[in-house]
Asks: 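Mind having a look at this structure? Questions to follow.
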4 protein chains.
Amino acid sequence: MSSSDNARSRTITWELPVLDPAELAGMSGLDYLRRGLDGENFRAPIGALIGFRPVRFDEGVAVFESTPAEYHYNPIGSVHGGFAATLLDSALGCSIHTMLKPGFGYTTVELKVNYVRPLKLSTGRVTCEGKVIHVGGRIATSEARLTDADGKLYAHGTTTCLIFPLGEKR
Amino acid sequence: MSSSDNARSRTITWELPVLDPAELAGMSGLDYLRRGLDGENFRAPIGALIGFRPVRFDEGVAVFESTPAEYHYNPIGSVHGGFAATLLDSALGCSIHTMLKPGFGYTTVELKVNYVRPLKLSTGRVTCEGKVIHVGGRIATSEARLTDADGKLYAHGTTTCLIFPLGEKR
Amino acid sequence: MSSSDNARSRTITWELPVLDPAELAGMSGLDYLRRGLDGENFRAPIGALIGFRPVRFDEGVAVFESTPAEYHYNPIGSVHGGFAATLLDSALGCSIHTMLKPGFGYTTVELKVNYVRPLKLSTGRVTCEGKVIHVGGRIATSEARLTDADGKLYAHGTTTCLIFPLGEKR
Amino acid sequence: MSSSDNARSRTITWELPVLDPAELAGMSGLDYLRRGLDGENFRAPIGALIGFRPVRFDEGVAVFESTPAEYHYNPIGSVHGGFAATLLDSALGCSIHTMLKPGFGYTTVELKVNYVRPLKLSTGRVTCEGKVIHVGGRIATSEARLTDADGKLYAHGTTTCLIFPLGEKR
């Protein structure tokens with residue numbers, strides 16, 4: 001088989017997020033995130049690249065979905081661990097973001113992922129749901145699980161985020 | 001500014017890895033990985049997607065590099081955490097892979113990432129170096145750091161992998 | 001105040017566990033652990049030292065309790081992080097142990113703890129409940145939370161354990 | 001063998017740390033910790049309980065040592081994971097504490113431990129050395145290893161701490 005028989009290509013399109021800092025500072029985290037469910041203009045470029053999308057944001061909950069594809073593969077025959085890590089990081093961080101009052105921002109300080117089954121093309125669409133565990137003054141934690149349509153678990157994780165008043169020198 | 005002014009696109013091309021299981025089983029991890037440095041045919045599709053590449057494999061060491069781009073961004077103004085997680089996972093796992101004798105495989109059971117600075121377009125090329133900490137009969141651990149050209153640290157992590165004889169029922 | 005006014009002492013008593021390997025190999029993890037609820041002879045010396053005890057073992061669940069004391073303190077005014085880590089490690093590992101069939105053993109390969117509130121003398125009795133997340137052929141994961149009598153959360157964690165047939169060379 | 005043949009006891013003695021908050025606020029972390037090397041009065045009660053002691057504090061480095069004993073055992077034949085977690089937590093947190101200027105405090109937000117070999121009575125004295133990886137304005141990280149007299153590795157870990165100005169409402 002010649003190498004060129006295996007060549008594939010895919011074109012991705014994204015838009016640079018247009019952020020108005022004053023508008024952003026006046027919105028709660030939940031309101032901000034929900035805008036991303038409607039308008040292309042607020043979607044994450046990384047979501048276009050990897051091929052995942054937000055499906056639900058509630059207080060303390062963030063849900064994303066994606067479908068493993070050939071371009072997510074590592075060279076040893078399954079989806080690269082970065083795929084699950086990216087979805088878990090999104091669901092974990094955004095579940096904390098939904099809890100923020102106007103005027104506050106957050107940043108992820110650490111992410112922990114457990115891989116329990118390999119993701120393959122045959123897995124089909126997967127859902128990643130993040131839920132807040134604790135929100136304190138400075139530190140928040142959350143947990144997330146990545147499952148297929150039958151509820152079978154593929155990966156799970158936790159995160160720690162730092163919360164800060166927007167405008168605070170860091 | 002109209003939304004379309006921000007529209008960008010990028011076409012990625014990859015090849016499906018052609019693995020001959022018998023050939024693979026006869027190679028050490030280090031020999032297997034070094035083939036990926038030369039031939040397109042052994043590169044990871046995920047590497048083409050995210051835009052990272054292996055630069056060095058030695059006993060217990062694996063180094064990758066990449067350059068943060070607009071399509072790696074989250075919607076809150078910096079590179080998505082999945083970018084660093086993907087590079088760290090690659091360097092961590094492959095540093096363990098370099099230690100495997102012919103006839104053995106591995107799988108990542110957990111990944112831990114610490115984010116210490118945001119990655120931006122202005123960061124430029126980053127290098128991710130993974131180093132083995134411990135290799136036992138069944139379990140191996142490694143550590144990795146993601147730094148820029150000046151050696152400034154952006155993220156670091158550790159992993160735990162399960163090692164198994166190829167062909168063992170799991 | 002003279003230093004001697006602060007001197008305290010405590011005498012701990014423990015028994016060396018008497019393990020009959022043949023008997024152990026014939027019991028399920030749950031049966032083995034439940035013996036520890038009744039007989040002093042099967043209690044852990046570490047439990048006598050730190051002052052914690054098992055209160056419940058069910059399929060996939062392990063619960064321990066303890067009460068923060070002065071001798072658990074670090075020099076900066078709260079209970080040392082090792083106290084919560086020890087309780088979480090017990091609940092996490094034993095929740096996996098409850099799932100093991102006769103002839104299998106386990107060992108903890110990694111432990112992750114999040115500290116969300118300081119433990120003090122005023123906290124009173126705390127409960128640590130561990131629950132299994134996933135049990136595979138070789139790898140199992142679990143999660144645990146440490147709460148006070150009002151259900152307030154102080155720490156939470158996850159673990160990864162390696163499962164192996166007793167007698168397997170490792 | 002009757003059960004009573006296995007009964008052991010040990011009496012521990014500790015002193016309640018006498019902290020003068022004003023004095024503490026005027027000292028750097030390194031100066032504060034070094035006092036603990038000399039005077040009983042500044043030692044941690046937990047250190048008396050578990051049986052570990054600080055041996056060295058330098059900028060970014062903290063070293064503790066201990067010797068596994070029967071009273072550290074779990075009921076399945078080796079030292080309980082809480083022993084290594086306690087030593088690692090001490091070395092990890094104190095290595096960050098050594099970097100604090102007067103007027104700043106810290107708290108551990110998460111701890112990650114990897115267990116690579118069982119600790120036994122035969123292991124003898126172990127040393128746990130923690131080293132700072134990153135110190136930022138709010139967040140610091142460090143790594144630590146637990147080794148025996150021959151340098152053999154038993155466990156390693158990382159931590160994330162939150163740094164704050166003393167007196168800041170949290």
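Protein chains get the first letters and strands the later ones, always in sequence-line order, with residue 1 at the start of each.
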Asks: For chain D, which candidate among Thr158(A), Ile139(A), Thr141(A) shows the most heavy-atom pairs at distances under 4.5 Å?
Replies: Ile139(A)
Asks: Are Leu162(D) and Leu162(A) close enough that some pair of their side-chain heavy atoms sits under 4.5 Å apart?
Replies: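 Yes; the side chains approach each other to less than 4.5 Å.
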Asks: Any side-chain heavy atom of Glu110(D) within less than 4.5 Å of one from Lys112(A)?
Replies: no
